[in-house]
Amino acid sequence: MDKSLQGLLWKKGDWAAYFGLLANNLTNLLTMIALLLFVVGFPEEIVYGRVVPAFGLGIFLASICYFVFGYFLAKTTGRKDVTALPSGPSAPSIFTVTFLVILPVYLSTKNAEFAFQIALVWCFFEAMILVVGSFLGDTIRRMIPRTVLLSCLSGLGLLLLAMNPMLQSFETPVVAFAVLIIIFLNWFGKKPILAKIPTGFLLLATGTILAWAFGLQDPAAIAASMQSFGFNPPTVHVDSLIQGIPHALPYLASAVPLGLANYIFDLENIESAHAAGDEYKTRQVMLANGLSSIIGCFCGNPYPVTVYVGHAGWKSLGAGIGYTVATGLSMFIISLFGIGAFLLAVIPVAAIVPILVYIGIVTANQVVRETPKLEVPVIFICMFPWIANWALTLTNNVLSAAGTTGAKVGVDVMANKGVYYNGLMHLGNGAPISSMVWGCIAIFAITDKPLRGAIAGAAGAALSLFGIIHSPTVGFALDSSMQFVYSYLMVAAIFVGKYMMDKNAPLAKLQEKDAKA
């Protein structure tokens with residue numbers, strides 16, 4: 001190995017990045033386990049014996065690829081400040097595949113094996129979207145302005161990554177406030193406290209000590225968590241995948257919009273890395289995600305892998321390329337031996353979530369630094385779908401907890417109370433893609449590129465026609481979607497009209513000049 005690059009493999013900043021990324025991945029792992037065991041009611045043999053080991057394997061494989069990409073980027077450029085991309089599961093997929101595929105299939109058939117097969121087909125189909133789309137990634141990145149991609153990512157960072165952790169922090173302030181202040185001092189500030197101790201370790205140690213001191217952790221949970229210990233290596237389940245193919249078609253509709261959303265997430269995170277100075281090849285990264293997801297699927301994991309949000313944050317901490325493969329390896333080991341629940345029984349969530357708040361803030365701040373003054377309104381326009389998506393999820397969860405739905409309560413009743421449920425539903429559904437559509441519409445209007453704006457409007461009409469955006473369900477020419485089809489076509493027509501008026505303006509001035517002469 002080139003001696004000049006040895007310091008890149010593990011740096012001081014890798015410790016903080018390792019603890020932060022591991023905590024995030026671990027939270028996703030435990031969320032997935034809890035949903036499958038306690039919401040769906042899957043047998044432990046399928047969850048711990050198949051899904052969990054393959055889940056860890058998929059993340060580990062992607063992290064190896066990102067480590068290699070980072071190493072060769074450093075080697076070819078001679079730079080020592082390269083930061084590898086972070087690897088993790090597609091967090092929205094954890095909820096989507098669980099609630100839209102596994103749960104309804106299991107409830108209707110009471111056959112866990114059959115539900116498992118359908119979920120594997122779903123994951124394989126979504127992974128293929130990434131594989132096929134990898135050959136178009138660079139072209140799309142050139143077509144969509146950087147401001148739009150980074151603005152969409154900032155919405156994801158603030159609303160999906162940071163908002164709920166901030167709320168959790170205010171539920172346990174005796175732990176989280178101290179952790180947040182250390183983050184402000186050490187990661188945002190100029191003069192860190194206890195600088196010789198890796199900040200990531202300092203955060204977890206401080207939060208853990210405070211949680212136990214205030215009696216927020218239950219010693220009995222440690223004993224209970226040990227019941228999940230055991231060695232469960234990944235096993236091949238290609239036969240289950242093949243058996244599920246003939247029956248999976250009705251459930252693949254949800255894979256299309258989420259597959260496109262994951263595709264957009266990858267584009268945004270790759271663009272974020274480019275903006276930070278690490279120019280990774282789009283095709284390589286997307287192929288790595290797609291193939292890692294496919295191998296994980298073959299071994300029993302129904303949840304795809306993606307480039308995880310946060311590269312800019314980990315880079316700001318001075319991370320190199322070691323943290324991502326260390327996180328992947330740790331996740332694989334944790335998945336193999338079932339020790340995730342034990343770790344969270346010892347380390348409180350309240351000590352972890354402030355780290356996610358930091359990453360969300362840094363992700364959002366990147367677009368502020370990179371955006372020209374004229375284009376700043378685009379940032380806020382791209383935020384609206386994400387805000388609606390977060391609010392819609394929160395509203396639906398509250399209604400569900402009360403044992404009702406928006407339809408039962410009535411949209412008129414909620415509107416009288418200032419809750420515009422229809423608006424939340426239309427604006428919040430398909431947020432990753434509609435955020436980008438509206439970002440393109442706004443930026444092409446601001447920068448006076450009407451033909452490109454017309455294309456963005458036509459794209460919005462096409463996406464609405466198939467229910468990919470602004471609709472809770474995918475379907476062709478749904479009644480609720482057609483109003484958006486017509487509206488986007490009007491947007492496109494306005495842009496075309498603007499183009500024609502601009503084109504004819506010089507001729508009109510010339511004719512006016514001739515008439516005066």
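- Closest of all the heavy-atom pairs between Val179 and Leu203 is O-CD2, 3.5 Å.
- Within 6.0 Å of CZ in Phe177 there are more than 12 heavy atoms belonging to other residues, nucleotides or ligands.
- Counting only distance, with no hydrogens or angles, the side chain of Asn389 and the backbone of Pro385 share no donor-acceptor pair below 3.5 Å.
- Looking only at atom types and distance, the side chain of Thr98 has a donor-acceptor partner in the side chain of Tyr303 under 3.5 Å away.
- How far CD1 of Ile294 is from CG of Leu120: 12.5 Å, rounded to the nearest 0.5 Å.
- Minimum interatomic distance between Gly328 and Ser63 (heavy atoms only, all atoms of both residues): CA-OG, 3.5 Å.
- Counting only heavy atoms from C-beta outward, the side chains of Leu150 and Thr371 never approach each other to under 4.5 Å.
- Of the possible polar contacts, none joining the Trp386 side chain to the Ala431 backbone as a donor-acceptor pair under 3.5 Å is found.
- Shortest non-hydrogen contact noted between Thr147 and Glu375 is OG1-OE1, 2.6 Å.
- Residues Leu22 and Met331 form a side-chain contact, since some pair of their non-hydrogen atoms from C-beta on lies under 4.5 Å apart.
- The aromatic rings of Phe60 and Phe332 sit parallel, their planes meeting at an angle under 30°, below the 60° perpendicular limit.
- The structure places CD1 of Ile129 at 12.5 Å from OG of Ser134, a figure rounded to the nearest 0.5 Å.
- The closest donor-acceptor contact from the side chain of Thr404 to the backbone of Leu399 lies at 3.5 Å or more, if one exists at all.
- One distance of note links OG of Ser272 with OH of Tyr280; it measures 11.5 Å at 0.5 Å rounding.
- Rounding to the nearest 0.5 Å places CG of Asn164 at 12.5 Å from CE of Met166.
- Remark: the backbone N or O of Ala273 is not paired with any side-chain donor or acceptor of Asp278 at under 3.5 angstrom.
- For the pair Phe55/Ile334, no side-chain contact is recorded, criterion being any heavy-atom separation below 4.5 Å from C-beta on.
- Atom CD1 of Ile193 is surrounded by 12 or fewer heavy atoms from other residues, nucleotides or ligands within 6.0 Å.
- No donor-acceptor pair closer than 3.5 Å links the side chain of Asn232 to the backbone N or O of Gly49.
- By the 30° and 60° cut-offs, the orientation of the rings of Trp10 relative to Trp15 is perpendicular.
- A side-chain donor-acceptor contact under 3.5 Å links Ser316 and Tyr358.
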task = Show your reasoning for whether side chain to side chain contact (heavy atoms under 4.5 Å, CB included) applies to Ser471 and Asn429.
result = CA-CA 6 Å; Ser471 175; Asn429 279 305; 5.8 Å; no
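- Smallest separation of non-hydrogen atoms from Ala162 and Gly360: CB-CA, 3.9 Å.
- What you find for Ala351 and Gly207 is that their closest heavy atoms are CB-CA, 3.5 Å.
- The side-chain heavy atoms of Val285 and Asp266, taken from C-beta on, include no pair separated by under 4.5 Å.
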request  = For the pair Met286 and Leu267, evaluate side chain to side chain contact (heavy atoms under 4.5 Å, CB included) and give the outcome as yes or no after the intermediate values.
outcome  = CA-CA 9 Å; Met286 288 192 163; Leu267 287 179; 3.5 Å; yes
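- When each of Val378, Val376, Ile441 is checked for a side chain to side chain contact (heavy atoms under 4.5 Å, CB included) with Ile446, only Val378 meets the rule.
- Looking at Thr327, Thr324, Asn289 one by one, the single match for side chain to side chain donor-acceptor pair (under 3.5 Å) with Tyr66 turns out to be Asn289.
- Taking 4.5 Å as the limit, some side-chain heavy atom of Trp314 sits within range of a side-chain heavy atom of Leu21.
- At least one side-chain heavy atom of Leu158 sits less than 4.5 Å from a side-chain heavy atom of Met383.
- For the pair Thr172 and Phe214, the minimum side-chain heavy-atom distance is 4.5 Å or more.
- Distance CG/Leu210 to CD/Gln217: 11.5 Å, rounded to 0.5 Å.
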task = List the steps and the verdict of side chain to side chain contact (heavy atoms under 4.5 Å, CB included) for Trp438 and Phe384.
result = CA-CA 9 Å; Trp438 275 99; Phe384 285 119; over 6 Å; no
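- At least one donor-acceptor pair closer than 3.5 Å links the side chain of Trp212 to the backbone N or O of Val346.
- Aromatic ring pairs are classed by plane angle as parallel below 30°, tilted from 30° to 60° and perpendicular above 60°; the pair Tyr71 and Phe67 is parallel.
- Remark: the backbone N or O of Ala319 is not paired with any side-chain donor or acceptor of Tyr18 at under 3.5 angstrom.
- The two atoms that bring Ala178 and Thr206 nearest to each other are CB-CG2, 4.4 Å, heavy atoms only.
- Distance alone, capped at 3.5 Å, places no donor-acceptor pair between the Arg50 side chain and the Phe116 backbone.
- Atom CZ of Phe231 is surrounded by more than 12 heavy atoms from other residues, nucleotides or ligands within 6.0 Å.
- In this structure, Thr83 and Ile321 have side chains that are not in contact, with every pair of non-hydrogen atoms separated by 4.5 Å or more.
- Of the inter-residue distances, the one linking Ile144 atom CD1 with Cys152 atom SG reads 8.0 Å to the nearest 0.5 angstrom.
- For Asp14 (side chain) and Gly320 (main-chain N/O), a donor-acceptor pair under 3.5 Å exists by modelled atom type.
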key: Trace of the side chain to side chain contact (heavy atoms under 4.5 Å, CB included) decision for Asn365 with Phe188   = CA-CA 12 Å; Asn365 187 49; Phe188 284 128; over 6 Å; no
